[in-house]
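Notes follow once the structure below has been shown.
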Amino acid sequence: MERQVKRRTSPAEDTGSEVSEEERLKDQREKEELEQHLKERDAAGTRKLTEHKLTRREEEEAIRRSTAQENDDIQPLRKVSRQEYLKKREEKKLEELRDDIEDEQYLFEGVKLTEAEYRELRYKKEIYELVKKRAEEADNVNEYRMPEAYDQEGGVNQEKRFSVAMQRYRDTNAEEKMNPFAEQEALEEHQIGKATLKYGSKNKKQAADDYQFVFEDQIDFIKASVTDGDNFDYEEMEDSLEKSRAKSALEALKEERKKLPIYPYREELLQAIRDHQAWFFPASVLVIVGETGSGKTTQIPQYLHEAGYTKRGMIACTQPRRVAAMSVAARVSQEMGVKLGHEVGYSIRFEDCTSEKTILKYMTDGMLLREFLGEPDLASYSVVMVDEAHERTLSTDILFALVKDIARFRPDLKLLISSATLDAEKFSDYFDSAPIFKIPGRRYPVEINFTKAPEADYLDAAIVTSLQIHVTQPPGDVLVFLTGQEEIETAEEILKHRTRGLGTKIAELIICPIYANLPTELQAKIFEPTPEGARKVVLATNIAETSLTIDGIKYVIDPGFCKMKSYNPRTGMESLLVTPISKASAMQRAGRSGRTGPGKCFRLYTAYNFHNDLDDNTVPEIQRTNLANVVLTLKSLGIHDLVHFNFMDNPPAEALLQALELLFALSALNTSGELTKVGRRMAEFPVDPMLSKMIVASEKYKCSDEIISIAAMLSVGNSIFYRPKDKQVHADNARMNFHTGNVGDHIALLKVYTSWKETNYSTQWCYENYIQVRSMKRARDVRDQLAGLLERVEIELTSNPGDLDAIKKSITSGFFPHFARLQKNGSYQTVKHPQTVNIHPSSGLAQVLPRWVVYHELVLTTKEYMRQVTELKPEWLVEIAPHYYQLKDVEDAGSKKMPRGEGRAQ
DNA sequence: GAGCACTGC
């Protein structure tokens, strides 16, 4: 038989191929032995073999001995791995059989045996079958190759080779599917584990070439590309950092600043900012493209300050997230050697850490937007830098339009838009061909892998891939992007199940779920450093894409999906849909693996999918959200023609019209679309217009104290009640306590808040009532802010806790467009724009089904649901919103007075 | 009797 041995140079590997020959002979002998044994046994009838029965310990000892002995052989690992493998499998099979067979007897081809006999025979038979199968296959291809690692060039895919033989073991425990050696090799290569001594470590190269008991549904990846790392001398940097540590802290920081990739561009950048001023666009605009790690966020404001721009006003730098604004400000204040909050400060909601001295101000984009309300020309700023512009948050998009607008009469204003590479051209076009200034980043190369074929079940594929990485790739943590909490929990369970009982066979796998709703103390787990020899798998939602950075991630698994909110302006219905991500998002995810060293990204879709099916960029938020708040903000800034307003991407006209219509109905706008006095007051509150209307209206009903509590609770969303899987009944009972008297969800929320307040904001109380402390604290912050704003718009803080009707009337004043009527079948119909909806099962009124309800929001999940529902009297509608409802809309309420409870569903 | 991407003001 012709043998092909490719790319083999070491003598050990050469002898390896001979061993396979030798092994066949050995297997042949075993086969003969087996046959002999069966013959003998048949001759002896069903004689008892108990005297031959080995104890479990003896068996283990025997295996250990053979392992040890074979470690001295030239090709030891194959045999051992197989034995181990078969033994494990046999045990499993025996377990299954045990239930079916009586008297501890085992059948082998119709003959009753003891367990030990049975095991031995089966084991020999298995080897025989495997060898036979392999020989047949080898004959078929008329060549025989030594097994090689599956990803080696010219190698044989062992999994495929043995796919027929392995077929019958599908769905068995994953432990059988593991290849301990790839892991071993990885560990050896990095010389960090001593656990690797278990199997012959003399010849570590052989390990990779040996059998791979890889996972059944192993996924084939194609290495598509390697993103460029940047030409940056890391060693030199490390070197100089080392040196600079010796100096004083401030000196060291100054040294570090000079090592940032942006530093060489300092003069050029300042020149560009100074010079660019086109006649058709008075203010200077510069689009800055800089990858993460270039130092643009921390350095550019400092350069501008050093160049004297702060003499004319502050430098604002906006961030999409609060933590970013805070941490960057802290860093810059260190670098400048000033106290945080003095020359360098930050401004985020609930926290203004600035003073009169402040010249560099880091802030969230939403915060700058609110500052526009008080200072429509941003007179106190000389420079505005919109950072992370490529994220296209609702606030950045509006900021763009606004800064572009004010630039017309503020020629002295310098605008900097910093973005990732992908959209730079688009930003430049939007700002009338503003020049693009590129700064290299500090990235490591990332290898991108696509699957060969599309994966039908991405969750399963993600799990298999992460295990594959775990056993075949060098150390480094894995980050898996999943769509939501439920998926993460499922994945966690499956992973735990598949790795359970593996013991020392593979390195420890630490599974860390992370999503925004996860209690903070559990979130902390992902930041704990991975113990030596173990590997961390982080199962994350989109939160890991931008919001938080986990050190040590080397591998990213990207199934290509995320949950995205979409909004239907016609029905006013929101829904969260699992959607394919964009190319930009895929790149961002891949980049998460290359932060601390070269990384690898495994995409669970094909290169074709990537190029043809994914959008270039995620649809900007402004095109898929309720615009009522945006419109109110813009109107209060004096922008009237919203349809022709220069957005970078225009929001759907339908959404704009719907928002205008709503604001008109809430009497925030008059018939000519101008802001009314009510509208002006409403715009002060950083909440949705219906909520702000409710607050403004509470003045009339003397219950502003209660209403702002409700508004605060509603605005923190649906993360108040905590419902762990194992204690759902308790959690539901605790929740129903707040619904006594069927007061409705709004009042129930108020009860939750006041109860918490009465316990002096007790954390313990929250635990006892299955309430999320974090959400409550947030509600308290919101409430405090709303209380402060009440004063500003001169609404007295009045409490009227006993008068539930007053509270409900205030709610009606804001939410009258959200009105629904019970139908005969137990569902509801919205009154103004008729559509069928249901009460969300989490509502306290889900079983009660009042005839008329007002709801806070509509969500489309499995059905169209109303979330946060309260019973109302229909006549209030005509009283409170006569311009919106006429008597005929609600007439059957007056004519057919129903006894209480009539509307109850049967 | 069901489902909770992520931010931000």
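Atom set for the values below is all heavy atoms of this structure, side chains included, hydrogens, waters and symmetry mates excluded. The chains referred to below are lettered A, B, ... by the order of the sequence lines, with proteins before strands, and numbering in each begins at 1.
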- Query: What are the residues of residues 362-378 of chain A, sorted by number, that bring a heavy atom to within less than 4.0 Å of DNA chain B?
  - Reply: A/Thr364, A/Gly366, A/Met367, A/Arg370
- Specify the residue among A/Cys562 and A/Pro686 whose closest nucleotide of DNA chain B lies further upstream toward the 5′ end. A/Cys562
- Message: Against the six-membered ring of A/Phe610, is A/Arg603 placed for a cation-pi contact (under 6.0 Å from the centre, within 45° of the normal)?
- Response: yes
- Query: What is the distance, rounded to the nearest whole Å, between atom CG of A/Leu482 and atom C1' of B/dC6?
  - Reply: 15 Å
- Side-chain H-bond candidate by donor/acceptor type, A/Ser582 with A/Asp615, under 3.5 Å: no
- Task: Not counting sequence neighbours, list each pair that qualifies as a side-chain hydrogen bond (donor to acceptor under 3.5 Å, both in side chains) and has a residue in residues 856-866 of chain A.
- Result: A/Glu857-A/Arg867
- Reckon A/Thr393 touches a base, only the sugar-phosphate, or nothing at all at heavy-atom distances under 4.0 Å? nothing
- Message: Over all strands shown, is A/Tyr865 touching base, sugar-phosphate only, or nothing at heavy-atom distances under 4.0 angstrom?
- Response: sugar-phosphate
- A/Arg349 vs B/dT7: side-chain N/O to OP1/OP2 distance below 4.0 Å: no
- Query: Rounded to the nearest Å, what distance is computed from the CD1 atom of residue A/Ile695 to the C1' atom of nucleotide B/dC9?
  - Reply: 13 Å
- A/Ile543 side chain, from C-beta outward: closest of B/dG3, B/dC6, B/dC9: B/dC6
- The residue, A/Val687 or A/Gly484, whose nearest nucleotide of DNA chain B is more 5′ is A/Gly484
- Note on the structure: Considering only heavy side-chain atoms of A/Arg778, the closest of B/dC6, B/dG1, B/dC9 is B/dC9
- Item | Whole-Å gap separating P (B/dG8) and CG (A/Leu627) | 20 Å
- Query: Given atom CG of A/Leu402 and atom P of B/dC9, what is their separation to the nearest angstrom?
  - Reply: 17 Å
- Message: Any donor-acceptor pair under 3.5 Å linking the side-chain atoms of A/Asn838 with those of A/Ser827?
- Response: no
- Is it the case that A/Arg589 and A/Asn542 place a side-chain donor and acceptor less than 3.5 Å from each other? yes
- Taking B/dC9, B/dC4, B/dG1 as options, the one with an atom nearest any side-chain atom of A/Ile348 is B/dC9
- Message: So if I take every side-chain heavy atom of A/Thr541 and compare against B/dC6, B/dG3, B/dC4, which nucleotide ends up nearest?
- Response: B/dC6
- Working to the nearest 0.5 Å, report the span between CG of A/Leu663 and CG of A/Leu675. 8.5 Å
- Task: Give A/Ala516 one of three labels, base, sugar-phosphate or nothing, depending on what nucleic acid heavy atoms sit under 4.0 Å from its own.
- Result: sugar-phosphate
- To the nearest angstrom, how far is A/Leu634 atom CG from B/dC9 atom C1'? 14 Å
- Task: Provide, to the nearest angstrom, the distance between the CZ atom belonging to A/Arg321 and the C1' atom belonging to B/dT7.
- Result: 7 Å
- A/Thr861 near the nucleic acid: base, sugar-phosphate alone, or nothing, with a heavy-atom cut-off under 4.0 Å? sugar-phosphate
- Residue A/Asp732, side-chain atoms from C-beta onward, closest of B/dT7, B/dC4, B/dG1: B/dG1
- Query: Rounding to a whole Å, what distance do you find between A/Glu574:CD and B/dG3:P?
  - Reply: 15 Å
- Task: Determine: side-chain N/O of A/Arg867 to OP1/OP2 of B/dC4, distance under 4.0 Å, yes or no.
- Result: yes
- Message: Considering only residues two or more places apart or on different chains, which pairs with a residue in residues 366-378 of chain A satisfy salt bridge (charged side-chain N to carboxylate O under 4.0 Å, His left out)?
- Response: A/Lys361-A/Glu371
- Rounded distance in Å - CD (A/Glu864) to P (B/dA2): 13 Å
- Do A/Arg723 and B/dA2 share a donor-acceptor pair, side chain to base, under 3.5 Å? yes
- Message: Suppose we call two aromatic rings close when their centres sit under 6.0 Å apart. Are A/Tyr855 and A/Phe815 close by that rule?
- Response: no
- State the syn/anti category of B/dC4 according to its glycosidic angle, syn meaning within 90° of 0. syn
